[in-house]
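Residues: numbered from 1 along the sequence shown.
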Amino acid sequence: MNPAKGFFGHPSGLSTLFFTEMWERFSYYGMRAILILFMTTPAAADGLGLNVEESAAIYGLYTAAVYLLTLPGGWLADNVLGQQKAIWCGGLCILLGHALLAIPAGKEVFFAGLACVAAGTGLLKPNISTLVGDLYPEGGARRDAGFYLFYMGINIGSFLGQIAVSFAAEKVNWHLGFGLAAVGMLLGLIQFRLRANTLGDAGVKPKARFTGTPSSTTSTKTLLVFLILVVVLVALLHITGVIDISTARGIAEAVGAVIVSVTLLYFLYILVAGGLTREERKRVLVIFALFIGAALFWAGYEQHGSSFNLFARDYADRIVLGYELPAGSLQSLSPMFVVILAPLFASLWIRLAALNLNPSMPVKFGLGLITLALGFVVMYFAALVVTSGQKPNITWLIFSYFLHAAGEMAVSPVGLSSVTKLSPPRYVGQMMGIWFVGAALGNLLAGLFAGGFDPHNPSEVPGLFLTVITFTGTAGILFILLNPILKKWMGSVQ
Ligand code: PHE
């Protein structure tokens, strides 16, 4: 690597990955900012004309699928494609997806577009992070700093995408918005291709990291047994009437039930038959607690694109200096606050550590969940303004987004690094997968929660936010109360 061509003192390959991920997130979050708005807009106004419950369930299913598909995406790169090719193919698939969405050709083309974006993101997202790690074979603080810069790229892309796409879509035409998301991904791909030489041979060959060698028949057998179990479970739930898979909401509930039961079985299997030492078993239990915390955190946070977005469109006074802001653009506030807050939080943890006051990981998680709940408390009061017959100012949303970004800082980077440290080394790939499954479950729950949002019945909105406050706030308090036990289970891991 030529240091003269570096990127803020980092390998120049990092700038290639930084801009690829920045453009990918531009397209992902840009499109997500208008997704539910487009689905719930009447067909007469060029929307899809679906009701809120169906749209929110589809939103939850789509965003959950994006993160669930990172599991096969990581496997494919490790066993067949290698990371570089996986990123390239994933990016092309995303581009195709957004291009399909840009065509005003009805529901079938729309759903095909969503499926392409989800599959492509599953292929691109986990592998680009793996490649970032590969640029620093020595690990340590330089690698952490590399990931930190990369996280900035994610949020800068998300910020710009949500502004650009929502302006184009809401002020001009929905499909122009989707088209702009496609252009973003195209720029990312061109940049990736032209600068691929900066990556050297990192991720050129598959490294079979997660699941052993491709010829391993045991993993194929396990996968088959697993798929049969899933089909039987869904069939049983459907026959007994617990779920109804004829509606989007029913399918979302079925997928939720499958994610929860499969994850429980996975943890049970690892704990009982994973050949763990006593020490490792306790750490895996901590990862299980983190999984639940992360799922609940994202269940609240990911409502930015659903219930917060509908709230902004249907109830908020979005006029600033005489100009009405597009509803979707308000979501750009959370990545903006993340970019501002990330350096402050990084130095806060370092300063507290110097004073020996750095909160333990469970306390940080608990505080993150409580801060998220506080963001919903703000929205609860904003919803009361609506029920009193007035239009709340966007300041409520700004304040809530600020609290959520602060919560994200205490949960997302902390959880990610804790999973890698707590996991028994031979299970680290799978445990990273579990972290993404937590995000998937959270996104799905966010869609199901938001399904209760009825634009014609504002009196139900405070109750909806109150439910989220109860779940996330209680989880946050539990993390803090259980801190002594969790800390003991973590052993020497900080
Ligand atoms: N903003 C983060 C990102 O887009 C959110 C996220 C966290 C997604 C954890 C997946 C897993 O990368």
Can you check side chain to side chain contact (heavy atoms under 4.5 Å, CB included) on Arg313 and Thr41, steps first, answer last?
-> CA-CA 11 Å; Arg313 180 188 70 184; Thr41 296; 3.9 Å; yes

Go through the steps for Gln83 and Asp78 under the test side-chain hydrogen bond (donor to acceptor under 3.5 Å, both in side chains), then give the verdict.
-> CA-CA 7 Å; Gln83 267 72 26; Asp78 281 339; 3.3 Å; yes

Okay, side chain of Ser166, backbone of Ser329: is any donor-acceptor separation there less than 3.5 Å?
-> yes

Are the side chains of Val338 and Tyr151 in touch, meaning some heavy atoms are under 4.5 Å apart?
-> yes

Establish, yes or no, whether the cationic atom of Arg25 lies under 6.0 Å from the six-membered ring centre of Tyr28 and within 45° of the ring axis.
-> yes

Backbone of Thr16 reached by a side-chain donor or acceptor of Gln191 within 3.5 Å | yes

Identify the two heavy atoms, one from Gln162 and one from Pro335, that lie closest to each other, and give their separation to 0.1 Å.
-> OE1-CG, 3.6 Å

Rounded distance (nearest 0.5 Å) linking atom OG1 of Thr20 with atom CG of Leu199 = 8.0 Å

Please report the closest heavy-atom contact between Thr472 and Ala373, naming both atoms and the distance.
-> OG1-CB, 3.5 Å

Spacing of CD1 belonging to Ile87 relative to CZ belonging to Arg193, to within rounding of 0.5 Å = 12.0 Å

Test item: Ser400 side-chain N/O and Gly375 main-chain N/O as donor-acceptor pair under 3.5 Å | yes

Ala86 and Ala77 have their tightest heavy-atom pair at CB-CB, 3.7 Å

Got a donor-acceptor contact below 3.5 angstrom from the Glu170 side chain to the Gly328 backbone?
-> yes

Applied to residues 368-396, the ring pair (Phe, Tyr, Trp, His ring centres under 6.0 Å) test, sequence neighbours excluded, yields Phe308-Phe376, Phe376-His404, Phe376-Phe465

So which pairs with a foot in residues 323-342 pass salt bridge (Lys or Arg N to Asp or Glu O under 4.0 Å), sequence neighbours left out?
-> Arg318-Glu324

When every non-hydrogen atom of Val109 is compared with those of Leu100, the smallest separation belongs to CG1-O, 3.5 Å

Are Phe38 and His175 close enough that their ring centers fall under 6.0 Å?
-> yes

Side-chain touch Asp317/Ile394, heavy atoms, less than 4.5 angstrom | no

If we only count heavy atoms from C-beta on, is the Asp46 to Pro104 side-chain gap below 4.5 Å?
-> no

Give a yes or no answer on whether the side chain of Ser261 reaches the backbone of Ala257 with a donor-acceptor pair at less than 3.5 Å.
-> yes

Flag this pair as yes if the NZ/CZ of Lys364 is under 6.0 angstrom from the six-membered ring centre of Phe297 and inside a 45 degree cone about the axis; otherwise no.
-> no

Is there a donor-acceptor pair closer than 3.5 Å between any side-chain N or O of Asn127 and the backbone N or O of Gly73?
-> yes

Among all residues two or more places apart in sequence or in another chain, which pass the salt bridge (charged side-chain N to carboxylate O under 4.0 Å, His left out) test with Lys125?
-> Glu21

Are Phe7 and Phe150 close enough that their ring centers fall under 6.0 Å?
-> no

Beyond-backbone contact of Val80 with Pro206, side-chain heavy atoms, under 4.5 angstrom | no

